[in-house]
Enquirer: 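Take this structure first; my questions come after.
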There are 2 protein chains.
Amino acid sequence: MTLTKNIFTGEYSYSIDSKNRVNIPSNFRNCLSSDNKKTFVITKGLDSCIWVYPLIFWKKIENDLKKLSSISNTNRAFIRNTARYASPVKFDKQGRINLTNVLVEYASLDKDASIIGMINKIEIWNPSILDKVDKESSKIKNDEYDELANKIII
Amino acid sequence: MTLTKNIFTGEYSYSIDSKNRVNIPSNFRNCLSSDNKKTFVITKGLDSCIWVYPLIFWKKIENDLKKLSSISNTNRAFIRNTARYASPVKFDKQGRINLTNVLVEYASLDKDASIIGMINKIEIWNPSILDKVDKESSKIKNDEYDELANKIII
DNA sequence: ATATATTTTGGGTAGATGTGGGTAATTTAC
DNA sequence: GTAAATTACCCACATCTACCCAAAATATAT
């Protein structure tokens, strides 16, 4: 069941087969707006996971990047990192997408994947790495984190 | 009988069946405003219980999270913690919702559940854990607690 | 007290979803 | 050019879930 279009939440376990196919939770597929149907953009995420953008969000990123001048070294590096690994994927009749080898290696993916909704994008993880990152992040609950937690009443 | 829309109070005992279904007190269901009907969002609460948000409250959280950039490590951790365990649920004709396995395990739920109104959300507890937490919390009536007690006249 | 309505609980089933594998089409390598 | 490898597209099956029905328990009205 889905709430807001193009907003993803929840955690799911899926398997990756020998063809690097991974299922996108039906929840997430049904969540796409009608102009978005069947297409995602996958790319390198931070924390060694794969980011999966719905088309509408990726277009916004493209648009923002377009405005950055390439004279600045920082800008150039940023654009390169963001654009380099991005590739559009369609899902098959069963709702699976094909991951690129580069991204599978980057995320150290093997047989199992944890897929989690991150509001405006999706993350694909090796479950054990996700666990590790999760434990580490609970240690760094710093002032900045507390400030966020106070601003956003949950 | 309900007072204000989307404001929950009271305590109830319900059973959880083999399909992880739990009834939402009819009181709480009738309390939902008309734009909220039939939908809640469940997620990990603090103190090992499950939090159940009415839609209207969760949308506010979604909206706040949507504005956070994922470049910041802290933002990413915060979004992940908040979004990861959240899943929308509709209740069936009988007024029950399906709990996810992850949340059932997190809250150590077995056969019985205590459901309590927490003003703008609902909490689902293992009754024995609720008892324990309740007893511990009566010990920590500290300065912070007193400060609150002065602000909120009861 | 009896009848009626509402609420809670339990279970069955059709349809949706996840997983694996095969084959044809396309690309890449040689 | 051909051969090998990769990709896209089917189909089949096992599993799960949303939905429906019905019994039991509780509350309300007569």
Side-chain angles (χ1 to χ4, degrees), chain A residues 1-3 8-32 37-42 50 52 85-105 109-117 122 124-127, chain B residues 1-2 8-32 37-42 52 55 86-105 109-117 122 124-127:
Chain A
M1 187 225 163
T2 79
L3 291 177
F8 310 95
T9 63
E11 173 169 0
Y12 303 86
S13 294
Y14 284 93
S15 56
I16 300 176
D17 65 21
S18 54
K19 296 175 178 179
N20 279 352
R21 290 180 300 189
V22 65
N23 211 312
I24 298 292
S26 63
N27 248 351
F28 289 174
R29 277 181 271 132
N30 298 334
C31 173
L32 292 176
K37 288 251 172 292
K38 286 185 162 304
T39 306
F40 284 111
V41 174
I42 59 174
I50 297 176
V52 184
Y85 304 101
S87 82
V89 287
K90 263 173 36 185
F91 41 84
D92 67 15
K93 227 178 190 172
Q94 278 68 23
R96 292 170 293 192
I97 59 171
N98 269 0
L99 300 176
T100 62
N101 284 324
V102 176
L103 291 180
V104 167
E105 278 168 35
L109 286 169
D110 186 25
K111 207 155 170 34
D112 299 303
S114 292
I115 303 189
I116 66 186
I122 298 162
I124 302 178
W125 287 85
N126 175 322
Chain B
M1 187 226 162
T2 77
F8 310 97
T9 61
E11 173 169 3
Y12 303 84
S13 293
Y14 284 92
S15 58
I16 299 176
D17 66 21
S18 55
K19 294 177 178 180
N20 281 351
R21 291 181 298 192
V22 65
N23 211 311
I24 297 293
S26 61
N27 247 351
F28 289 174
R29 277 181 271 132
N30 297 334
C31 171
L32 293 175
K37 287 249 174 292
K38 287 184 162 304
T39 306
F40 284 111
V41 174
I42 59 174
V52 184
L55 195 50
S87 84
V89 287
K90 260 170 41 184
F91 40 85
D92 66 15
K93 231 176 189 173
Q94 279 69 19
R96 292 170 295 191
I97 59 171
N98 268 2
L99 301 176
T100 63
N101 285 324
V102 176
L103 291 180
V104 168
E105 277 168 35
L109 286 168
D110 187 25
K111 208 156 170 35
D112 300 303
S114 292
I115 303 189
I116 65 186
I122 299 162
I124 302 178
W125 288 84
N126 175 323

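Here the structure is a predicted model, which means the values were calculated and not measured.
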Enquirer: Please tell me if the side chains of A:T2 and A:N27 come closer than 4.5 Å, counting only heavy atoms from C-beta onward.
Expert: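 Yes; the side chains approach each other to less than 4.5 Å.
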Enquirer: Give the rounded distance in Å between these two atoms: CZ of A:F91 and P of D:dC10.
Expert: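 Computing the A:F91:CZ to D:dC10:P distance gives 15 Å.
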Enquirer: Distance check needed: C:dT7 C1' versus B:R29 CZ, whole Å only.
Expert: 8 Å
Enquirer: Picking from C:dG20, C:dT8, C:dT9, which would you name as closest to the side chain of A:K111?
Expert: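 Minimum distance to the A:K111 side chain belongs to C:dG20.
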Enquirer: Are the side chains of B:S87 and B:I42 in contact, using a 4.5 Å heavy-atom criterion?
Expert: yes
Enquirer: Of all the heavy-atom pairs spanning A:I16 and A:D110, show the shortest one and how long it is.
Expert: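 Scanning both residues completely, I find the closest heavy atoms to be CB-O, 3.8 Å.
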Enquirer: Just report the end-to-end axis angle for the helix from C:dA1-D:dT30 to C:dC30-D:dG1, five pairs per end, to 10 degrees.
Expert: 30°
Enquirer: Taking A:I50 as the fixed residue, which of A:L103, A:I122, A:N126, A:I115 is the one that meets the side-chain contact (heavy atoms from CB on, under 4.5 Å) rule?
Expert: A:L103
Enquirer: Distance check, rounded to the nearest 0.5 Å: A:D92 atom CG versus A:I24 atom CD1?
Expert: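 Atom-to-atom, A:D92:CG and A:I24:CD1 are 10.5 Å apart.
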Enquirer: Identify whether any heavy atom of A:N101 sits under 4.0 Å from a base atom; if not, whether one sits that close to sugar-phosphate; answer base, sugar-phosphate or nothing.
Expert: nothing
Enquirer: Could you tell me which non-hydrogen atom of A:Q94 sits nearest to which non-hydrogen atom of A:R29, and how far apart they are?
Expert: O-NH2, 3.8 Å
Enquirer: Is the shortest side-chain N/O distance from A:S15 to OP1 or OP2 of C:dG20 below 4.0 Å?
Expert: yes
Enquirer: Could you give the CG-to-P distance, from B:N27 to D:dT26, as a whole number of Å?
Expert: 17 Å
Enquirer: Can you tell me the distance, in whole Å, between the CZ atom of B:F28 and the C1' atom of C:dT8?
Expert: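 One finds 16 Å between C1' of C:dT8 and CZ of B:F28, rounded.
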Enquirer: Roughly, in whole Å, what's the span from CD1 in B:I97 to C1' in D:dT17?
Expert: 15 Å
Enquirer: Within the 4.5 Å heavy-atom criterion, are A:V22 and A:I97 side-chain neighbours or not?
Expert: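 They are in side-chain contact.
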Enquirer: Working to the nearest 0.5 angstrom, can you tell me the gap between A:I124 CD1 and A:I116 CD1?
Expert: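 Reported value, rounded in 0.5 Å steps: 10.5 Å.
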Enquirer: CG of B:D17 versus P of C:dG12: gap in Å, rounded?
Expert: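 Distance, rounded to whole Å: 13 Å.
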Enquirer: Name the one of B:F40, B:F91, B:Y12, B:Y14 that satisfies ring pair (Phe, Tyr, Trp, His ring centres under 6.0 Å) with B:F28?
Expert: B:Y12
Enquirer: Distance check: side-chain N/O of A:Y14 vs OP1/OP2 of C:dT19, anything under 4.0 Å?
Expert: no
Enquirer: Base contacts versus sugar-phosphate-only contacts with protein, heavy atoms under 4.0 Å: please encode nucleotides 18-25 of chain D as B, S and - from 5' to 3'.
Expert: BB-BB---
Enquirer: To the nearest angstrom, how far is A:N23 atom CG from D:dT15 atom C1'?
Expert: 13 Å
Enquirer: Report the distance from atom CD1 of A:I16 to atom P of C:dG20, rounded to the nearest whole Å.
Expert: 11 Å
Enquirer: Is any side-chain nitrogen or oxygen of A:N30 closer than 4.0 Å to OP1 or OP2 of C:dT17?
Expert: yes
